[in-house]
Amino acid sequence: MKNEIKKLLEGVRDGSVSVEDALLEIKKEPFEDLGYAKIDLHRKARQGAAEVIYGAGKTAEQIIGIVKSLQGAGQKTILITRIDEEKAKAVASAIPFDYRKDARIGIVGKLPKADGIGTIVVATGGTSDIPVAEEAALTAEVLGNKVCRLYDVGVAGLHRTLAHLDEIMSATVIIAIAGMEGALASVIGGLADCPVIAVPTSVGYGASFNGLSALLSMLNSCASGVSVVNIDNGFGAGYQASMINHVEAKETK
């Protein structure tokens, strides 16, 4: 969308587009109304990232319609989150896309070239946290980031974390994902000089209260520089990490 506006303004400058025609194009609705959804076609111009499709609660037909609307507006890579396998098969019958079952992520189009200022590290306390981690990692990759995955490096075996000090200390931003007591975020926060985004997961026994225990532990972290997103919100963490990883790049253009 930014490129289209830029071309329009350049057309006005070189005389190939009249001021009136340019004004008409800019005044056109910045969304497409499909009846069941109003597709935000100007979001990338406003926020730096195009609209993402939240698949839960939508039918396959609705998802297909939204994808086609975004493609018609020139969006080359489209992210679909929280889409189950059955729905993914129905969507795939109409639109080719890459489905990642564990993360419940669908990706239409190719991943863009990484253009962030550094690397986003995605670390998990255990193997059971990987589905949420993959949602975060894939979101970050769709948004144009280089991602390093460090899985099963939790505090039950602290040497596993310490074996990756180079990756942790050279990251631009780290996403720390853990259930149970959620201590991984504090450990990594005490080692890294970059922002740490903590993601509590609903992994754990009864007293973990489906992730509430980990959420409270992360909110009470004594490590500076740790922020927290909602339980199992890998998408939110990946999106926020991408914004951080693109700040300097945006300022230096």
What pairs with [X] under side-chain contact (heavy atoms from CB on, under 4.5 Å), at least two apart in sequence or on another chain?
| X | value |
| --- | --- |
| Lys68 | Ile64, Gln71, Ile95 |
| Val17 | Leu8, Val12, Asp21, Ala22 |
| Met169 | Leu165 |
| Leu34 | Glu32, Tyr36, Ile39, Ile66, Ser69 |

(request) Among residues two or more places apart or on two chains, list those pairs meeting side-chain hydrogen bond (donor to acceptor under 3.5 Å, both in side chains) that have a residue in residues 120-139. (result)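 Every pair satisfying side-chain hydrogen bond (donor to acceptor under 3.5 Å, both in side chains) with a residue in residues 120-139: Arg82-Glu135, Asp129-Thr201, Glu134-Arg149, Glu134-Tyr151.
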
(message) Taking Lys110's backbone N and O only, do any of them form a donor-acceptor pair with Thr77's side chain (distance below 3.5 Å, no angle check)?
(response)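 Between the backbone of Lys110 and the side chain of Thr77 there is a qualifying donor-acceptor contact (under 3.5 Å).
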
(request) Run the numbers on His246 and Asn145 for side-chain contact (heavy atoms from CB on, under 4.5 Å), then give the verdict. (result) CA-CA 9 Å; His246 281 88; Asn145 299 275; 3.1 Å; yes

(message) Tell me which pairs pass salt bridge (Lys or Arg N to Asp or Glu O under 4.0 Å) where either residue lies in residues 152-168, with sequence neighbours left out.
(response)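 Passing the test, one end in residues 152-168: Asp152-Arg160.
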
Which donor-acceptor pairs under 3.5 Å do the side chains of residues 217-224 make with protein atoms, sequence neighbours left out?
| unit_1 | atom_1 | unit_2 | atom_2 | d |
| --- | --- | --- | --- | --- |
| Ser217 | OG | Glu181 | O | 3.0 |
| Ser217 | OG | Ser213 | O | 3.1 |
| Asn220 | ND2 | Leu216 | O | 2.7 |
| Ser221 | OG | Ser186 | OG | 2.9 |
| Ser221 | OG | Ala223 | N | 3.1 |

(message) Count I, L, V, M, F, W, Y as connected when their side-chain heavy atoms are under 4.5 Å apart, and connections chain through other members. Are Val229 and Val147 then in the same cluster?
(response) yes

(message) If hydrophobic clusters are built by linking Ile, Leu, Val, Met, Phe, Trp and Tyr wherever their side-chain heavy atoms come under 4.5 Å apart, do Leu143 and Leu138 end up in the same one?
(response) yes

(request) List for me each residue that meets side chain to side chain donor-acceptor pair (under 3.5 Å) alongside Asp40, sequence neighbours excluded, and say none if there are none. (result) Arg43, Arg46

(message) My understanding is that only residues two or more places apart in sequence, or in another chain, count here; which of them pass side chain to side chain donor-acceptor pair (under 3.5 Å) with Ser16?
(response)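 Ser16: side chain to side chain donor-acceptor pair (under 3.5 Å) contacts with Asp14.
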
Less than 4.5 Å apart, side chain to side chain, heavy atoms only: is that true for [X] and [Y]?
| X | Y | value |
| --- | --- | --- |
| Val228 | Pro200 | yes |
| Val108 | Leu70 | no |
| Leu184 | Ile177 | no |

(message) By the ring pair (Phe, Tyr, Trp, His ring centres under 6.0 Å) test, which pairs, at least two apart or in different chains, include something from residues 192-245?
(response)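 Non-adjacent pairs meeting ring pair (Phe, Tyr, Trp, His ring centres under 6.0 Å): Phe235-Tyr239.
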
Distance, nearest 0.5 Å, that separates [atom1] of [X] from [atom2] of [Y]:
| X | Y | atom1 | atom2 | answer |
| --- | --- | --- | --- | --- |
| Ile83 | Lys89 | CD1 | NZ | 12.5 Å |
| Lys87 | Thr59 | NZ | OG1 | 7.5 Å |
| Ile174 | Cys194 | CD1 | SG | 4.0 Å |
| Ile80 | Ile107 | CD1 | CD1 | 9.5 Å |

(request) Look at Arg100 together with Asp102 and state whether they make a salt bridge at an N to O cut-off of under 4.0 Å. (result) no

(message) Using the salt bridge (Lys or Arg N to Asp or Glu O under 4.0 Å) criterion, which residues pair with Lys38? Sequence neighbours excluded.
(response)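 Partners of Lys38 under the salt bridge (Lys or Arg N to Asp or Glu O under 4.0 Å) test: Asp33.
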
(request) Could you tell me which residues satisfy ring-ring contact (aromatic ring centres under 6.0 Å, His included) with Phe97, sequence neighbours excluded, listed by chain and number? (result)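 Phe97: no ring-ring contact (aromatic ring centres under 6.0 Å, His included) contacts found.
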
